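On a predicted model such as this, the values are computed, not experimentally measured, just so you know.
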Amino acid sequence: MMMKKDLSIDFVGVHCENPFFLSSSPVCNNAEMVAKAFDAGWGGIFYKTVGIKAMDECSPRFDILTKESTPWAGFKNMEQISEMTMEQNIEEIRKLKKNYPNKVVGVSIMGSNEEEWITLAKAVTEAGADILELNFSCPQMTSHAMGSDVGQNPELVRKYCKAVVENTHLPVVAKMTPNITRMEEPAIAAVQGGAHGISAINTIKSITNIDLDNLTGRPVVNGKSSISGYSGKAIKPIALRFIAELAKCEELKSVHLSGIGGIETWQDALEFILLGCRNVQVTTAVMQYGYRIVEDLISGISHFMDERGVNKLDDLVGLALNNIVPAEELDRSFKIIPKIDEDKCVGCGRCYVSCFDGAHQAIVWDSETRKPRILEDHCVGCHLCLNVCPVYDCITPGKVVFKEGRANNRTAEDIVQQVVYQ
């Protein structure tokens, strides 16, 4: 049963009925597509990036990395920004705002020089957009004056943000590239240029597969391929890392964050919110499952809030952030020895092989009973065995062992209750 709580939230000064937006991509390429998304329940969009000219695209342009039990673990695209001209896109945006005045229409824009950024900002503002998102992050543009090459240059990011902010009354969000070591640097530059928010991450430069017949990457375009953007569930850990670093950056404390990267379920969306995002964007999951996944996002977070007595989505923003600490601050005074439930054990031997070949040889194998046994004096508590076991709840956190002289008045029960595995 679908549950709906009040998921409304303010993002960069704009009131949103819920935090779920489509990210600028093929899933929101024109007014007709966006209308279907709005009717399905999405709170807003970032319309596919508008440029001055229409893009000349290649065919084919997609590839996937597969994994058991899911169609795509990762998704590669060689698509650039909108294939329509600025003038065509402006008409689509006008149509959207006329038909959906209460939905949030964010529009992504990208120029190749200051004049183009200003032209785009003025045109999209006049068309009735609610938010401008500046795309400093597309990794497969055919011009080095656009996309992620610009996003790696803080001076250009600052310059173009300033140019746009001075030519619009709309809130401005700068979209960051993950193809960089420290995202905080261009993000700070964007804020110095006047940006009100930061969105992250865009796709990661990749080669997903090599075609063994054509001896090139996939997809194969007339015998050739290129490095281009990777998205989907596989990039979520990287996206969460960047979001946490942005949220913890002192110079960005007052800046609203929009999270992007591998969001498929309400749990995924909630993870971004718990790390400080007031807005989340989705593309690749929609390409797999369609617009109606927003129903799961709305219902799942509503149930979560209801179970915990949370009335406002605002109250969840950033709750997990203080528990993400530098490596030197982790408590290293104990180890948790796993325990094996012999009744649930199917005798596959995965834990034994993984521990023997990939960890600390702390599991012995009884070949007659086909049962593993943990050697507590060898076990370091790494929990590789728990993570490779194919049977739910067969191997779980067990006894807490403190290193010599390190108990520090804590009980083992206090520690083991904080260890949760899915």
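Side-chain atoms of D296 come within 3.5 Å of backbone N or O of W266 as a donor-acceptor pair. With hydrogens and angles disregarded, no donor-acceptor distance shorter than 3.5 Å links the side chain of K403 to the backbone of K335. A distance-only check finds a donor-acceptor pair linking the side chain of E92 to the backbone of A31 [under 3.5 Å]. Q88 places a side-chain N or O within donor-acceptor distance of the main-chain N or O of T85, the cut-off being under 3.5 Å. Judged purely by atom type and a 3.5 angstrom limit, K122 has no side-chain atom pairing as donor or acceptor with the backbone of N167. Put simply, the side chain of S108 never gets that close to the backbone of K48: no donor and acceptor are under 3.5 Å apart. Checking side-chain atoms of K371 against main-chain N and O of E342 turns up a donor-acceptor pair under 3.5 Å. In this structure, H196 contributes its side chain and V12 its backbone to no donor-acceptor pair below 3.5 Å. Between the side chain of S299 and the backbone N or O of E295, no donor-acceptor pair lies under 3.5 Å. With S333 contributing its side chain and D331 its backbone, the two residues share no donor-acceptor pair below 3.5 Å.
To the nearest 0.5 Å, atoms OG1 (T119) and CD1 (I109) are separated by 10.0 Å. One distance of note links CG of N202 with OG of S24; it measures 7.0 Å at 0.5 Å rounding. We find the CD1-CG distance between I273 and L313 to be 4.5 Å, quoted to the nearest 0.5 Å. Summarising the geometry, atom CD belonging to E114 is positioned 8.0 Å from atom NZ belonging to K162; distances are rounded to the nearest 0.5 Å. Going from atom CG of N153 over to atom CD1 of I180 covers 9.0 Å, rounded to the nearest 0.5 Å. We find the CG-SG distance between N279 and C16 to be 6.0 Å, quoted to the nearest 0.5 Å.
T283 has its side chain out of reach of S231: every pair of non-hydrogen atoms, C-beta onward, lies at least 4.5 Å apart. E133 places none of its side-chain heavy atoms less than 4.5 Å from the side chain of Y47. Proximity of I336 to V400: side-chain heavy atoms (C-beta onward) are separated by under 4.5 Å at one or more points. Under the 4.5 Å side-chain criterion, counting only non-hydrogen atoms from C-beta, P171 is not in contact with H256. Taking the side chain as every heavy atom from C-beta outward, L134 and C161 approach each other to under 4.5 Å. Using a 4.5 Å cut-off on side-chain heavy atoms (C-beta onward), K339 and I374 make no contact. Looking only at side-chain heavy atoms (C-beta outward), F38 and L96 come within less than 4.5 Å of each other. Residues K399 and C379 are not in side-chain contact: their nearest non-hydrogen atoms beyond the backbone lie 4.5 Å or more apart.
Contacts of E251 classified as salt bridge (charged side-chain N to carboxylate O under 4.0 Å, His left out), with partners at least two apart in sequence or in another chain: none. Partners of R370 by salt bridge (charged side-chain N to carboxylate O under 4.0 Å, His left out), not counting sequence neighbours: none found.
Here the closest non-hydrogen pair linking L170 and I131 is CD1-N, 4.4 Å. Here the closest heavy-atom approach between residue T181 and residue F242 is recorded as O-CE2, 4.1 Å. For S302 against L7, the heavy-atom pair with the smallest separation is OG-CD1, 4.0 Å. The minimum heavy-atom distance linking I263 with V282 is given by the pair O-CG1, 3.5 Å. Closest approach of G41 to E17, counting heavy atoms only: O-OE2, 4.1 Å. Across every non-hydrogen atom of A123 and M86, the tightest pair is CB-SD, 4.0 Å.
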### Task
Starting from the C-alpha separation in whole Å, work towards a yes-or-no answer on side chain to side chain donor-acceptor pair (under 3.5 Å) for S199 and S258.
CA-CA 4 Å; S199 56; S258 177; 5.4 Å; no
### Task
Evaluate side-chain contact (heavy atoms from CB on, under 4.5 Å) for Y100 paired with V105, printing each intermediate quantity in order.
CA-CA 9 Å; Y100 293 90; V105 177; 5.9 Å; no
### Task
Give the C-alpha distance, both sets of side-chain angles, the deciding distance and a yes or no for side-chain contact (heavy atoms from CB on, under 4.5 Å) between L275 and E271.
CA-CA 6 Å; L275 286 181; E271 289 172 14; 5.9 Å; no
### Task
Just do the side-chain contact (heavy atoms from CB on, under 4.5 Å) check on Q267 and F304 with the steps written out, would you?
CA-CA 9 Å; Q267 293 98 327; F304 181 88; over 6 Å; no
### Query
Does the side-chain contact (heavy atoms from CB on, under 4.5 Å) test come out yes or no for S25 and M287, once each step is laid out?
CA-CA 10 Å; S25 67; M287 297 176 84; 5.8 Å; no
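In this structure, E87 places its CD atom where more than 12 heavy-atom neighbours from other residues, nucleotides or ligands lie under 6.0 Å away. Residue K103 qualifies as enclosed at atom NZ: its count of foreign heavy atoms under 6.0 Å is above 12. The environment of H15 atom NE2 is dense: over 12 non-hydrogen atoms of other residues, nucleotides or ligands sit within 6.0 angstrom.
Between K97 and D130 there is a salt bridge, with a side-chain nitrogen of the basic residue lying less than 4.0 Å from a carboxylate oxygen of the acidic one. Between R94 and E126 a salt bridge is recorded (basic side-chain N to carboxylate O distance below 4.0 Å). Of the charged side-chain nitrogens involved, at least one lies within less than 4.0 Å of a carboxylate oxygen, so that E245 and R241 count as a salt-bridged pair.
Ring planes of F334 and F402: perpendicular class, angle over 60° (limits at 30 and 60°). Aromatic ring pairs are classed by plane angle as parallel below 30°, tilted from 30° to 60° and perpendicular above 60°; the pair F46 and F21 is tilted.
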